[in-house]
Peer 1: 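Quick one: this structure, given as structure tokens, is what I'll be asking you about.
Below, each value reflects all heavy atoms present in this structure, side chains not excepted, and no hydrogens, waters or symmetry copies. Everything numeric in this text was worked out from a predicted model, so none of it was measured.
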Amino acid sequence: MPRSPNTPSPKAGSVTLATVAQRAGVSPQTVSNALNSPELLRPETLERVRRTIDELGYRPHRAAQTLRTRSSKLIGYGIRPTAPGTSAPVMDRFLHALSQTADEAGYRILLFASPPGSAGLDGYEELLDLHSVDGFVLSGTDRGDRRQAWLEKRGVPFVGFGRMWSGRQIGDWVDVDGASGTDAAVEHLVGLGHRRIAFLGWPRGSGVGDDRAMGWQRAMRRHHLSIRNKRARSVDDIASAQAAVGPLLDAGATAVIAASDVLALGCYHALRERRAVPGKDVAVVGFDDSPAAALLSPGLSTVAQPLEAVGRECVRLLLARMSELGAPPERVLLEPSLVVRDSTSASGD
């Protein structure tokens, strides 16, 4: 904020980073970023801080020491449990990308247990009470997630990998456009001649799953293809998916788009049980490009998420939020890419 004509200027020797922050109407972290990482700030904020530094005669070389005393250089990330007998290769890859990007920015990722529901907030509160983290990265942002509102109320910087799927959008987030991915899968299959393209998704209520189903539905309607009796639902389990896809195959589907590679693997099992060959008799497309996708025979066509870009954007948004808590929220939606392998090599009818 501009200085009032009646406000005395502090003596040059008494000017601190906090003095500059108060005069400019920003946080001390923002002043430090103006000196050390100006690319993180909005141009108008950077100009205001620099003007205040010049007016007060602040010596920039003191900023690094002040920043070190105010920052733990730790970012908290809550690990949520996976169901027994399942793995989470996508989240493992995301965590690796996040850790690498944070390391390049001079931060470390601090992992802690974070079960779903209100009990999961205990870990966040404990870390805040100990003052051991500068902010949090959230994932698994399901419907009814309480973490965003809880952190916002306490003025704690955070960024989500995933949108809020219900209610008011809170805070910054980075997500992958799942609907765009399944839309692209339909386009690829239509180009191969398929017209009876089914979708095997998760039960209703999953924000991510519903988004992926929407892309399939949108593309089918754009091509004037029927979606009647061409959608089935299963939990993310191979055996359940194998049973759920049966009616779709019985109805004559020549291609199946699955909401995950796990569901796609269930399609493989169902086809082989019927002595059919994935890719030759029925085309199959998965989602997530898990390590198993390329190892299957035939190789599974799938939609890949740009996890390295997600990690970079999460760190960028979080550092910017640490610098300026009052800035408008920023949301980034990234495009996935279709990885074509042999499971979609055959033409349709």
Side-chain angles (χ1 to χ4, degrees), residues 85-93 176 178-202 208-209 212-213 215-216 219-220 223 225 227 229-307 335-349:
T86 64
S87 61
V90 173
M91 296 315 299
D92 290 345
R93 288 163 54 199
V176 176
S180 176
T182 50
D183 188 308
V186 172
E187 287 292 333
H188 173 67
L189 293 168
V190 168
L192 292 176
H194 292 279
R195 294 296 179 268
R196 299 197 295 274
I197 304 171
F199 184 79
L200 177 60
W202 296 318
V208 174
R212 294 177 184 182
W216 163 77
M220 292 288 284
H223 287 283
L225 300 176
I227 62 173
N229 299 324
K230 290 183 174 64
R231 180 175 178 180
R233 299 174 179 84
S234 168
V235 295
D236 211 36
D237 171 80
I238 294 174
S240 298
Q242 180 177 350
V245 78
L248 300 179
L249 301 176
D250 291 340
T254 65
V256 178
I257 297 173
S260 74
D261 288 349
V262 171
L263 297 184
L265 188 54
C267 294
Y268 270 53
H269 283 229
L271 288 169
R272 286 166 178 164
E273 186 178 61
R274 295 163 179 252
R275 302 185 183 279
V277 180
K280 179 180 178 182
D281 299 303
V282 175
V284 181
V285 180
F287 204 113
D288 288 334
D289 194 22
S290 61
L295 300 177
L296 290 171
S297 180
L300 174 65
S301 293
T302 184
V303 179
Q305 301 194 54
L307 296 176
E335 284 289 320
S337 59
L338 182 64
V339 180
V340 178
R341 298 191 179 99
D342 292 340
S343 71
T344 56
S345 61
S347 61
D349 52 0

Peer 1: I need the Arg272 CZ to His269 NE2 distance, nearest 0.5 Å.
Peer 2: 7.0 Å
Peer 1: Looking at every non-hydrogen atom in both residues, tell me the closest pair between Ala258 and Ala264 and how far apart they are.
Peer 2: CB-N, 3.6 Å
Peer 1: Are any of the side-chain heavy atoms of Phe287 and Leu263 separated by less than 4.5 Å?
Peer 2: no
Peer 1: Closest approach of Gly201 and Ala259, non-hydrogen atoms and distance?
Peer 2: CA-CB, 3.8 Å
Peer 1: Between Cys267 and Leu200, is any pair of side-chain heavy atoms under 4.5 Å apart?
Peer 2: yes
Peer 1: How far apart are the C-alpha atoms of Asp250 and Arg274, what are their side-chain angles, what is the distance that settles it, and do they pass the side chain to side chain contact (heavy atoms under 4.5 Å, CB included) test?
Peer 2: CA-CA 11 Å; Asp250 291 340; Arg274 295 163 179 252; 2.8 Å; yes
Peer 1: Roughly how far apart are Leu265 CG and Gln242 CD, rounded to 0.5 Å?
Peer 2: 9.0 Å
Peer 1: List the steps, then state whether side chain to side chain contact (heavy atoms under 4.5 Å, CB included) holds for Thr302 with Arg341.
Peer 2: CA-CA 8 Å; Thr302 184; Arg341 298 191 179 99; 3.6 Å; yes
Peer 1: Rounded to the nearest 0.5 Å, what's the gap from NE2 on His194 to CD1 on Ile257? Could you check?
Peer 2: 10.0 Å
Peer 1: Mind listing the closest non-hydrogen atom pair of Ser240 and Val235 along with its distance?
Peer 2: OG-CG2, 3.6 Å
Peer 1: Quick check: does any side chain N or O of Tyr268 sit under 3.5 Å from a backbone N or O of Pro298, one acting as donor and the other as acceptor?
Peer 2: yes
Peer 1: Given side chains that start at C-beta, do those of Val262 and Ile238 come closer than 4.5 Å, heavy atoms only?
Peer 2: yes
Peer 1: Taking all non-hydrogen atoms of both residues, which atom of Ala185 and which atom of Val285 are closest, and how far apart?
Peer 2: CB-CG1, 3.9 Å
Peer 1: Can you find a heavy atom in the side chain of Val303 that is under 4.5 Å from one in the side chain of Val176?
Peer 2: no
Peer 1: Minimum heavy-atom separation for Ser180 and Glu335, please, with both atom names.
Peer 2: OG-OE1, 2.5 Å
Peer 1: What distance separates Ile197 CD1 from Leu248 CG, expressed to the nearest 0.5 Å?
Peer 2: 13.0 Å
Peer 1: Restricting to non-hydrogen atoms, name the atom on Ser301 and the atom on Ser343 that form the minimum distance, rounded to 0.1 Å.
Peer 2: N-OG, 2.7 Å
Peer 1: As a quick check of understanding, evaluate side chain to side chain contact (heavy atoms under 4.5 Å, CB included) for Thr254 and Leu189, giving each step before the final call.
Peer 2: CA-CA 10 Å; Thr254 65; Leu189 293 168; over 6 Å; no
Peer 1: Just by distance, do the side chain of Asp261 and the backbone of Asp289 share a donor-acceptor pair under 3.5 Å?
Peer 2: yes
Peer 1: Considering the options Val256, Thr344, Val277, which one meets the side-chain contact (heavy atoms from CB on, under 4.5 Å) requirement together with Val282?
Peer 2: Val256
Peer 1: Side chains of Leu307 and Val90: does their closest heavy-atom pair fall under 4.5 Å?
Peer 2: yes
Peer 1: Under a 4.0 Å N-O cut-off, is there an ion pair linking Arg212 with Asp288?
Peer 2: yes
Peer 1: Does Phe199 have any ring-ring contact (aromatic ring centres under 6.0 Å, His included) partners at least two apart in sequence or in another chain, and if so, which?
Peer 2: Trp216
Peer 1: Between Val190 and Arg195, is the side chain to side chain contact (heavy atoms under 4.5 Å, CB included) condition met? List the steps.
Peer 2: CA-CA 6 Å; Val190 168; Arg195 294 296 179 268; 3.7 Å; yes
